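Data block below; observations after.
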Amino acid sequence: MPITTHVAQALAAALEYPPEHAPGLGRSLTRPPSPALGDLAFPCFALAKQLRMAPPKIAADLAARIRPDALIARAVAAGPYVNLFLDRTAAARAILGPILADPARYGSRNIGGGQVIVLDFSAPNIAKPFHFGHLRSTNIGAGLARIFSFLGYRVVRKNYLGDWGTQFGFVIYAWQRWGDAAELQARAIEYLVELYVRAYRQSETDPTVREQARHLFLRLEQGDPDIAALWQQFRELSLAGFMKTYQRLDIAFDSYEGEAAVNHLVEGVIERFVRAGVAEESQGALVVQVSGVLGREIAPLMLRKSDGASTYAARDCAEAIDRWERHGFSANIYVVSRQEDHFAQLFAALTRLAAAEQWEAHWPATCENVSFGYVRGMSTRKGEAVWLEDVLDEARDRARRIREEKSAANPRAFPTLSAAELDHVSESVGQAALLYFDVSSRRLSDVTFDWDTVLQFEGNTGPYLQYSHARMCGIFRRAVAEGLAAGSGTPQAGPEPADEEWLLVLKLGEFPAAVAAACTEREPHEIAKFLHELASSFNAFYNKHTVIDPADPATSAARLTLVRATQVTLANGLKLLGIRPLETM
RNA sequence: GCGCCUGUAGCUCAACGGACAGAGCACCGGCCUUCUAAGCCGGGGGUUGCAGGUUCGAUUCCUGCCAGGCGCGCCA
């Protein structure tokens, strides 16, 4: 039983509440601002309203009524708070026991019960660069996918590629005009992007370019075999390039079907909107009014342009309906930035169709747009985009250089690595810097790309977490060398934990709540924040105490157990963020 | 003009309506003959954009300003 559950029950008993009130009380438990004040704190403000008594009075009464037991050492009132001190030895066993009993699953819980979540993320545009800005959707989405899955949901990862639209007209126009097969062969994506940018730039001074591009796309829509063959080739080349990046980052999707794959459904769906009386004609276009549903003035969702062509919004409608029919999701989440209006329109239009057609399952209400902040300094058209592959390469190279400097300065501390191991470490550390940077703030805050900020290796960074993990693994290596069990057993009753050990234990107990918060808030940052606090607690402990002391086997064993619990918790959290826990650095 | 988002330390960012607003970077001072110094300990640094309101209590909620970002039917 988690400590907080036990404490909540003790609080309920002291208040003479029935046991079913305990979970509610447990939710308001916090940590006091300073460890000297206590291990857990219960604020009495909510009770003050119910009991019509001053909070400090309630706190004093409550503190006096809480009976110390095996876990609760004492309760003291401090103003409007009841602060609880726990029995460190007993509490440490209660927290560490479950971690060591099933290390790989610590932090997980079956909240999802096998319900399906469709998660749409990454979704790069074919023939546009996969630049640093795309890392946000990819990383946040992949993180959420792992978190949902860890909590018992069945996750369908969709990479809804932007593989349809006028941009292909531009690329094909450029290809027909300047195309060079050797270049395409040599460096597919970069070359396609150059073609796109070149055509787009020319269209800014020469409007006929835009016309020709539109015409080419129209031919593609009409099934012109030559154009279709080019489209197919460009799509495959681009996807092959994206796949290299995904493999590098250990990310895989269940589907790479893009907009083109729902084209055959679009006309049928538009027809449904019309027949249901939801769509109407406006200025020659076919639209769905959504201001009423949303309760504010907003442009309608456009299904068909005045020239008769269907829109991406119509494709999104068709795609959503198709998702529901295929997966029957409990949530349909789009990890897409800066398109709040579009998704509001999309969900509202589906809501109107649901009402008109009297659907039994009101699934449009389960559709969500998980947005995130803007990456500044990264416009494709202005040519200032930084390719993700280049950032990954630079991160890896810097990581390698730093490792070489450090190992040269202190050769004894650094194990000799084979070339392959060094490659793996450099790559993993570089990725950690990038991936952690992305989740080191809440997703809605804007970020500015800056090499030196993004590629930090010290302080609150990914490499710091990996470094902490590697230190722990170093302790286990020494333990084995000394002939000790490397913290694998169940926690034994050892000496009472010292302050630094105790704070680490308490922090470990908070991991499941951090994972749950990351899930409900759709916010991987919750885990990043926790891991930094965890590593920080560990390093404070590590610096103050020696784990392995051959002269003191009891303390060594207790500390090895604590370090093992910390290492597996850190590893679980890092994996959720897509960062590789390293045994050595 | 309308909508969404954001204003917190020099910089990058935290803080379920709760105790004295916290971390990292940068700066200053300490700590490697002991398990990796990519680390630890200490220090200076703040009118939380401004003005009101709600209440026992507001960085957090509401209103109005100011500033920035993004978007606003035939690009996707």
Side-chain angles (χ1 to χ4, degrees), chain A residues 27-28 30 32-34 37 41 43 45 48-49 54-55 78-81 83 125 128 162 164-167 210 214 259 282-287 294 296-307 309 311-313 315-316 337-342 344-345 371 373-374 376 399 402-403 405-407 409-410 412-415 429 433 437 440-442 444-448 450 452-453 456-468 470-479 481-482 517 521 525 529 532-533 535-536 539-549 559 563 584-585:
Chain A
R27 268 190 291 279
S28 53
T30 60
S34 151
L37 291 172
F45 303 104
K49 272 220 168 80
Y81 292 87
N83 289 333
N125 287 320
K128 285 199 187 175
W164 204 247
T166 318
Q167 85 241 29
R210 184 167 206 94
R214 285 177 102 109
E259 298 178 50
S282 168
Q283 299 171 27
L286 187 68
V287 301
L294 295 173
R296 62 184 171 95
E297 280 296 314
I298 187 168
L301 176 124
M302 183 179 292
L303 292 171
R304 203 192 287 289
K305 306 178 214 173
S306 55
D307 67 2
T311 63
Y312 78 108
R315 287 197 287 279
D316 277 1
S337 169
R338 299 164 64 199
Q339 300 198 28
E340 286 83 356
D341 280 356
H342 167 63
Q345 291 163 334
S371 189
Y374 178 59
R376 282 189 278 260
I402 290 170
R403 210 268 175 190
E405 283 166 16
K406 290 185 184 302
S407 59
N410 187 5
R412 269 186 49 209
F414 287 81
V429 172
F437 170 78
S440 64
S441 55
R442 301 187 71 82
L444 282 173
S445 59
D446 290 351
V447 296
T448 303
D450 171 73
D452 291 329
T453 309
Q456 281 255 323
F457 293 86
E458 293 173 11
N460 184 7
T461 65
Y464 170 74
L465 302 181
Q466 286 176 317
Y467 179 73
S468 307
R471 276 182 146 178
M472 296 177 213
C473 293
I475 294 172
F476 300 140
R477 282 192 293 273
R478 187 179 160 208
E482 300 273 352
E521 305 291 316
H525 166 71
K529 190 172 53 173
H532 177 248
E533 290 165 359
S536 187
N539 283 312
F541 156 72
Y542 178 91
N543 221 264
K544 183 89 183 278
H545 302 283
T546 304
V547 174
I548 294 168
D549 178 2
R559 289 186 173 157
V563 175
T584 181
M585 277 174 72

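Each chain gets a letter, A, B and so on, in the order the sequences are listed, and its residues count up from 1. Nothing here was measured: the structure is a model prediction, and the numbers come from that model.
Taking atom NE2 on A:H525 and atom P on B:G24, their separation rounds to 15 Å, with Å as the unit. Here B:G7 presents its C1' atom at 16 Å from CZ of A:R442, a figure rounded to the nearest Å. Taking atom CG of residue A:L37 and atom P of nucleotide B:A19, one finds them 12 Å apart after rounding to whole Å. In this structure, CG of A:L465 is placed 17 Å from P of B:A23, rounded to the nearest angstrom. With rounding to whole Å, A:L294 atom CG is found 14 Å from B:C2 atom C1'. Note: CG (A:D452) to C1' (B:G24) measures 15 Å, nearest angstrom. For the pair A:Q456 CD and B:A23 C1', the interatomic distance rounds to 13 Å; values are reported in whole Å. Residue A:F45 contributes atom CZ, which lies 12 Å from atom P of B:G57 at whole-angstrom precision.
No donor-acceptor pair under 3.5 Å is formed between the side chain of A:R442 and the backbone N or O of A:H525. The main-chain N or O of A:M585 is found under 3.5 Å from a side-chain atom of A:R403 such that the two form a donor-acceptor pair.
Taking 4.5 Å as the limit, some side-chain heavy atom of A:T584 sits within range of a side-chain heavy atom of A:R477. A heavy-atom distance below 4.5 Å is found between the side chains of A:Y374 and A:R338. Taking the side chain as every heavy atom from C-beta outward, A:Y467 and A:V429 never approach each other to under 4.5 Å. Counting only heavy atoms from C-beta outward, the side chains of A:Q456 and A:Y464 never approach each other to under 4.5 Å. With contacts defined as side-chain heavy-atom distances shorter than 4.5 Å, the pair A:Y542/A:V563 does not qualify. Counting only heavy atoms from C-beta outward, the side chains of A:R478 and A:V547 never approach each other to under 4.5 Å. Residues A:R210 and A:T166 have side chains not in contact (no heavy-atom distance under 4.5 Å, counting atoms from C-beta outward).
Separation of the P atoms belonging to B:G46 and B:U63 is 32 Å when rounded to the nearest angstrom. With both ends at atom C1', the span from B:C65 to B:C13 equals 27 Å, rounded to whole Å. A distance of about 28 Å separates the P atoms of B:G69 and B:G52, rounded to the whole Å. Nucleotides B:C56 and B:A15 are separated by 27 Å at their P atoms, to the nearest Å. Straight-line distance between the P atoms of B:G39 and B:G71: roughly 38 Å, to the nearest whole Å. Straight-line distance between the P atoms of B:G73 and B:G68: roughly 23 Å, to the nearest whole Å. Comparing the same atom, C1', in B:G22 and in B:U48 gives a spacing of 12 Å after rounding to whole Å. Nucleotides B:U47 and B:C25 are separated by 23 Å at their P atoms, to the nearest Å.
Residue A:T166 places at least one side-chain N or O under 4.0 Å from the OP1 or OP2 atom of B:A76.
Glycosidic conformation of B:C32 is syn; the angle stays within 90° of 0. Look at B:G73: its glycosidic torsion is within 90° of 0, and that puts it in the syn range.
Contacts of A:R315 with the nucleic acid, taken as non-hydrogen atoms under 4.0 Å apart, involve only primed sugar atoms and P, OP1 or OP2. Among the atoms of the strands shown, base atoms are found under 4.0 Å from some heavy atom of A:Q339. Using a 4.0 Å heavy-atom distance criterion, A:A41 is classed as a base contact. Using a 4.0 Å heavy-atom distance criterion, A:G165 is classed as a sugar-phosphate-only contact. Looking at heavy-atom distances under 4.0 Å, A:N83 makes contact with a base. Using a 4.0 Å heavy-atom criterion, one finds that A:P32 contacts the bases of the nucleic acid, with or without backbone contacts as well.
For B:A15, there is no paired nucleotide, since no Watson-Crick or G-U wobble pair has both relevant distances below 3.5 Å. Nucleotide B:C72 is matched to B:G1 when pairs are restricted to Watson-Crick or G-U wobble geometry with both distances under 3.5 angstrom. Pairing for B:C65 goes to B:G49, judged as Watson-Crick or G-U wobble with the two contacts each under 3.5 Å. Nucleotide B:A21 is matched to nothing when pairs are restricted to Watson-Crick or G-U wobble geometry with both distances under 3.5 angstrom. Base pairing of B:C27: its partner is B:G43, meeting the Watson-Crick or G-U wobble criterion (both donor-acceptor distances under 3.5 Å).
Nearest-nucleotide mapping onto RNA chain B: of A:H532 and A:H342, the residue sitting toward the 5' end is A:H532. Looking at which nucleotide of RNA chain B each of A:F437 and A:E297 is closest to, the 5′-most match is held by A:E297.
Between A:R296 and A:D341, the shortest heavy-atom contact is NH2-OD1, 3.8 Å.
With sequence neighbours left out, the side chain to side chain contact (heavy atoms under 4.5 Å, CB included) criterion links A:K406 to A:I402, A:F414.
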**Request:** Going 5' to 3' through nucleotides 65-74 of chain B, assign each nucleotide B (protein heavy atom under 4.0 Å from a base atom), S (under 4.0 Å only from sugar-phosphate atoms) or - (no protein heavy atom that close).
**Result:** ----SSS-BB

**Complete:** Under a 4.0 Å heavy-atom criterion, the protein footprint on nucleotides 32-43 of chain B, written with B, S and -, is --BBBSBBSS--

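For the residue pair A:S440 and A:N460, no side-chain donor N or O sits within less than 3.5 Å of a side-chain acceptor on the partner.
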